Amino acid sequence: QVQLVESGGGSVQAGGSLRLSCAASGRTFSMFTMGWFRQAPGKAREFVAAIRWSGGVTYYADSVKGRFTISRDNARNTVYLQMNSLKPEDTAVYLCAVGRNVVIMRDKGDYDYWGQGTQVTVSS
């Protein structure tokens with residue numbers, strides 16, 4: 001069993017920045033693929049970014065590429081999402097996920113555990 005707790009959400013104006021954190025506990029964190037997804041009201045959950053256990057491979061949705069950066073600290077069992085140049089369309093609940101055998105990093109079905117999410121609101 002893995003427990004995930006997200007933090008760092010909040011309200012910012014367009015163009016601003018936020019840094020999300022996801023702290024994991026319960027299992028060997030360093031061997032998992034970590035991902036960030038988001039879900040806006042009335043919309044499906046969508047992929048944002050993911051990082052392999054070694055930290056050397058990352059993958060981003062086209063909508064955030066160049067603005068968001070995912071990173072991880074295996075010693076702290078934590079994954080981060082640095083979000084810059086935020087836009088109103090980035091407004092959503094952001095959820096952290098982990099998977100032991102993630103093949104397709106953007107596929108939410110490949111992830112085994114999910115956090116409760118943290119709200120990000122970007123105003124124009």
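These numbers come from a predicted model, not from an experiment.
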Applying side chain to side chain contact (heavy atoms under 4.5 Å, CB included) to Gln82 and Ser71, what does each step give before you reach the verdict?
CA-CA 8 Å; Gln82 177 66 44; Ser71 61; over 6 Å; no
Does the pair Lys87/Asp90 count as a salt bridge with the N-to-O cut at 4.0 Å?
no
Considering only heavy atoms from C-beta outward, does the side chain of Asp110 approach that of Asn101 to under 4.5 Å?
no
Check whether any side-chain N or O of Thr78 sits under 3.5 Å from a backbone N or O of Arg76 as a donor-acceptor pair, and report yes or no.
yes
Working to the nearest 0.5 Å, report the span between CD of Gln3 and OG of Ser25.
4.5 Å
Exactly one of Val48, Thr69, Ile51 clears side-chain contact (heavy atoms from CB on, under 4.5 Å) with Tyr60, and that residue is Thr69
By side-chain hydrogen bond (donor to acceptor under 3.5 Å, both in side chains), Tyr59 pairs with (sequence neighbours left out) Arg106
Short question: side chain of Tyr111, backbone of Met105 - any donor-acceptor pair under 3.5 Å?
yes
Quick check for you: to the nearest 0.5 Å, what is the distance between Leu4 atom CG and Met34 atom CE?
5.5 Å
Interatomic spacing from CD in Gln39 to NZ in Lys108 - rounded to 0.5 Å:
8.5 Å
Rounded to the nearest 0.5 Å, what's the gap from CG on Leu81 to SG on Cys96? Could you check?
10.0 Å
Using 30° and 60° as the class boundaries, would you call the ring planes of Phe32 and Tyr113 parallel, tilted or perpendicular?
parallel
Co-membership, hydrophobic cluster, residues Tyr80 and Val5, 4.5 Å side-chain:
no
Considering only heavy atoms from C-beta outward, does the side chain of Leu18 approach that of Leu86 to under 4.5 Å?
yes
With a 3.5 Å cut-off and no angle check, do the side chains of Thr33 and Arg52 form a donor-acceptor pair?
yes
Residues Ala92 and Gln119: closest non-hydrogen pair is O-NE2, 3.4 Å
Would you check if the side chain of Asp112 reaches a backbone N or O of Arg100 as a donor-acceptor pair within less than 3.5 Å?
yes
Quick one: are the ring centres of Trp36 and Phe68 less than 6.0 Å apart?
no
Using modelled atom types only, decide if a donor and an acceptor are shared between the side chain of Asn74 and the backbone of Asn77 within a distance under 3.5 Å.
no
Quick one: is the NZ or CZ of Arg72 closer than 6.0 Å to the six-membered ring centre of Trp53, and within 45° of its axis?
no
Got a sec, which pairs hit side-chain hydrogen bond (donor to acceptor under 3.5 Å, both in side chains) with one end in residues 6-24, sequence neighbours left out?
Ser17-Asn84
Is Met83 close to Tyr94 at the side-chain level, that is, under 4.5 Å between some pair of heavy atoms?
yes
